[in-house]
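Sequence positions, counted from 1, serve as the residue numbers for this chain. Computed from a predicted structure; not experimentally measured.
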Amino acid sequence: MAKGEWKRSGTDDLQLTGRSECEVFDDGTNTFFWRAHTLTVLFILTCALVYVTLLEETPHDTAYNTKRGIVASILVFLCFGVTQAKDGPFTRPHPAYWRFWLCVSVVYELFLIFILFQTVHDGRQFMKYIDPKLGVPLPERDYGGNCLIYDPGHPADPFHNIWDKIDGFVPAHFLGWYIKTLMIRDWWMCMIISVMFEFLEYSLEHQLPNFSECWWDHWIMDVLVCNGLGIYCGMKTLGWLSMKPYQWQGLWNIPTYKGKIKRIAFQFTPYSWVKFEWRPASNLRRWLAVLGIIFMFLLAELNTFYLKFVLWMPPEHYLVLLRLVFFVNVGGVAMREIYDFMDDPKFHKKLGQQAWIVAAITVTEFLIVVKYDPNTIMLPIPFFVTQCWTLGMVLILIWTLWRFFIRDITLRYKETRRRRQEGSSERVPGQADGSNLATSGRSKLNGSMDTVRHRKS
């Protein structure tokens with residue numbers, strides 16, 4: 001692109017897809033920060049391997065050498081992926097940042113596959129190689145119990161139940177839903193996922209004790225306060241991102257220090273902006289895609305609780321936090337690739353690489369849960385819960401059949417019938433005019449014959 005050129009982000013056939021995209025101005029500056037550094041990375045990596053081989057003495061500790069060899073293999077793979085992997089849809093703060101998380105996704109999926117192929121005992125004990133404190137069964141905290149908002153039995157602090165429920169997970173809930181809103185970019189989908197997960201907690205509290213929460217913890221603290229406030233702030237941020245101008249200049253082309261600082265801060269904002277318009281009721285493809293997204297979101301949320309339950313990881317362990325940070329970084333890219341694949345299948349003919357690996361990770365995590373603790377998964381669901389979910393799925397199926405099959409057939413039949421009636425109504429006046437013309441012609445002919453006869457007589 002030439003310097004100072006305006007361009008529209010995304011594909012060229014915007015009118016065909018109905019995508020709402022912004023215009024971007026980029027002066028085309030290509031600094032050292034944006035150039036490829038494949039040879040530099042290869043040289044540094046080679047020097048490190050030469051140092052380990054020639055100058056460092058290998059310790060006689062099999063466990064230590066195994067850990068270090070695995071870490072070194074992962075680092076070499078990350079170096080290769082960061083420099084050679086294909087770029088995704090995001091370019092800020094730097095394309096290498098998103099390539100790094102793509103490679104981390106592959107490493108995490110390989111780790112899950114390894115855990116899946118172990119026995120239950122070996123898999124849990126293998127976690128001790130990561131942290132010696134793991135591999136020990138831990139009791140789950142029960143969030144139920146006394147659900148009184150105001151407890152007169154504790155005059156010193158009658159609101160102690162509320163303070164007990166406020167812990168580190170409250171800001172985590174808010175921040176999590178703020179980021180999910182930035183991923184999904186739709187208020188309705190976020191609210192549906194938020195409410196449905198609370199129903200899932202109600203339905204599965206007989207399997208996991210920490211799903212047993214007070215009613216006000218479910219609907220007031222979670223849905224309204226933490227999730228609702230996070231979704232609200234996320235929608236406000238989306239509105240700002242959709243309205244801000246996307247004009248990019250090289251850092252050294254900005255004359256003032258204030259402008260340079262502002263440019264550095266904006267480096268961590270998107271390069272361009274695409275407003276997601278899911279329109280699930282527009283056609284069957286979009287409807288099934290939205291249902292699949294909601295299902296995978298809920299499954300990934302459930303995996304968070306079930307994985308730490310079957311692998312004996314406490315909720316506050318750093319591995320649980322690292323998994324959440326991982327999904328925060330890969331979820332946005334995956335959602336953009338899914339939206340592009342759904343919204344413009346002619347241009348995006350296959351599912352994006354990050355979306356593909358995230359879907360594989362979610363399924364693999366669920367398979368680990370099923371293998372490591374099938375007894376918990378197979379605990380019989382209460383009958384009334386089964387009835388509620390069956391009724392919900394039947395209603396979704398009925399609505400799908402009506403909206404995309406029965407309704408369309410009915411509309412086509414009415415349109416065909418209307419066109420036939422219009423066609424027949426257009427032909428009838430023509431036939432009547434023709435008969436009138438024929439009648440008038442015969443009358444004139446009879447009149448002329450009478451005149452001839454009269455003259456002959």
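Atom CZ in Phe405 sits 5.0 Å away from atom CG in Leu284 (nearest 0.5 Å). The CG atom of Leu298 lies 11.5 Å from the OG1 atom of Thr362; values are rounded to the nearest 0.5 Å. To the nearest 0.5 Å, atoms CZ (Arg403) and CG (Asp408) are separated by 6.0 Å. One distance of note links CH2 of Trp188 with CD1 of Ile193; it measures 14.0 Å at 0.5 Å rounding. How far CZ of Arg417 is from CZ of Arg420: 10.0 Å, rounded to the nearest 0.5 Å. Atom CG in Leu351 sits 11.0 Å away from atom CD1 in Ile357 (nearest 0.5 Å).
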Quiz item: Does the side-chain contact (heavy atoms from CB on, under 4.5 Å) test come out yes or no for Tyr306 and Ile368, once each step is laid out?
Solution: CA-CA 9 Å; Tyr306 279 92; Ile368 291 174; over 6 Å; no
Practice problem: Start with the C-alpha gap between His94 and Gln267, add the side-chain angles, then the distance that decides, and say whether side-chain contact (heavy atoms from CB on, under 4.5 Å) holds. | Solution: CA-CA 8 Å; His94 195 280; Gln267 183 67 28; 5.6 Å; no
Practice problem: Please assess Tyr129 against Thr66 for the test side-chain contact (heavy atoms from CB on, under 4.5 Å), listing each intermediate value before the final yes or no. | Solution: CA-CA 10 Å; Tyr129 288 98; Thr66 302; over 6 Å; no
Self-check item: Steps toward side-chain contact (heavy atoms from CB on, under 4.5 Å) verdict (Arg185, Trp273)
Solution: CA-CA 11 Å; Arg185 307 183 191 180; Trp273 189 251; 3.6 Å; yes
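Formation of a donor-acceptor pair under 3.5 Å by the Glu365 side chain with backbone atoms of Asn303 is not found in this model. Side chain of Lys308 to main chain of Met313: no donor-acceptor pair is present (N/O by atom type, distance under 3.5 Å, no hydrogens or angles). Between the side chain of Thr304 and the backbone N or O of Ala300 there is at least one donor-acceptor pair closer than 3.5 Å. A donor-acceptor distance shorter than 3.5 angstrom exists from the side chain of Gln353 to the backbone of Lys86, with no hydrogens or angles considered. Proximity of a side-chain donor or acceptor of Trp248 to a complementary backbone N or O of Tyr271 within less than 3.5 Å is detected. Counting only distance, with no hydrogens or angles, the side chain of Asp131 and the backbone of Leu134 share no donor-acceptor pair below 3.5 Å. Using a distance-only test at 3.5 Å, with no hydrogens or angles considered, no donor-acceptor pair links the side chain of Arg279 to the main chain of Arg286. Within the 3.5 Å criterion, the main-chain N or O of Phe211 finds no donor-acceptor partner in the side chain of Glu201.
At a threshold of 4.5 Å between non-hydrogen side-chain atoms, the residues Ile184 and Trp278 count as touching. Counting only heavy atoms from C-beta outward, the side chains of Met296 and Ile338 never approach each other to under 4.5 Å. Within the 4.5 Å cutoff, no side-chain heavy atoms of Pro314 are placed close to those of Lys133. Contact check for Leu45 versus Phe80: no side-chain heavy atoms found under the 4.5 Å cut-off. At least one side-chain heavy atom of Pro59 sits less than 4.5 Å from a side-chain heavy atom of Asn65. A 4.5 Å side-chain heavy-atom check between Ser203 and Thr386 finds every atom pair outside the cut-off. Under the 4.5 Å side-chain criterion, counting only non-hydrogen atoms from C-beta, Leu112 is in contact with Tyr108. Between Leu302 and Leu200, the closest side-chain pair of non-hydrogen atoms falls below 4.5 Å.
At most 12 non-hydrogen atoms from other residues, nucleotides or ligands lie less than 6.0 angstrom from OH of Tyr232. Remark: Phe295 CZ is loosely packed, at most 12 non-hydrogen atoms of other residues, nucleotides or ligands lying under 6.0 Å away. Atom CZ of Phe77 has more than 12 heavy atoms from other residues, nucleotides or ligands within 6.0 Å. For Trp312, the CH2 atom counts as densely surrounded, since its 6.0 Å shell holds more than 12 non-hydrogen atoms of other residues, nucleotides or ligands. Heavy-atom neighbours of Lys244 NZ from other residues, nucleotides or ligands within 6.0 Å: above the threshold of 12.
Heavy-atom minimum distance, Tyr339 versus Lys275: OH-O, 3.7 Å. In plain terms, the two heavy atoms of Asn283 and Phe404 that are nearest each other are C-CE2, 3.2 Å. Closest approach of Arg99 and Thr83 over heavy atoms only: NE-N, 4.5 Å. Here the closest non-hydrogen pair linking Tyr246 and Pro270 is CE2-O, 3.2 Å. For the pair Gln354 and Ala334, the tightest heavy-atom approach, listed with the atom from each and the gap, is CG-N, 4.1 Å. The shortest non-hydrogen separation linking Ser272 to Val24 is CB-CG2, 3.4 Å.
Partner of Leu42 under the side-chain contact (heavy atoms from CB on, under 4.5 Å) criterion, chosen from Thr38, Thr46, Thr40, Ile44: Thr46.
Using a 30° and 60° split on the angle between ring planes, Phe111 and Phe126 fall in the tilted class, from 30° to 60°.
Trp287 and Thr400 share a donor-acceptor pair across their side chains, judged by distance under 3.5 Å alone. Side-chain atoms of Thr237 and Tyr178 form a donor-acceptor pair, as typed in the model, at a separation below 3.5 Å.
For Phe199 and Trp219, the distance between ring centers is under 6.0 angstrom.
With Phe341 as the aromatic partner, Arg285 meets the cation-pi criteria of under 6.0 angstrom to the ring centre and within 45 degrees of the ring axis.
With sequence neighbours excluded, the residues forming a side chain to side chain contact (heavy atoms under 4.5 Å, CB included) with Asn329 are Tyr97, Trp101, Val325, listed by chain and number.
The pair Arg418-Glu415 meets the salt-bridge criterion, with a side-chain N (NZ, NE, NH1 or NH2) lying under 4.0 Å from an Asp/Glu carboxylate O.
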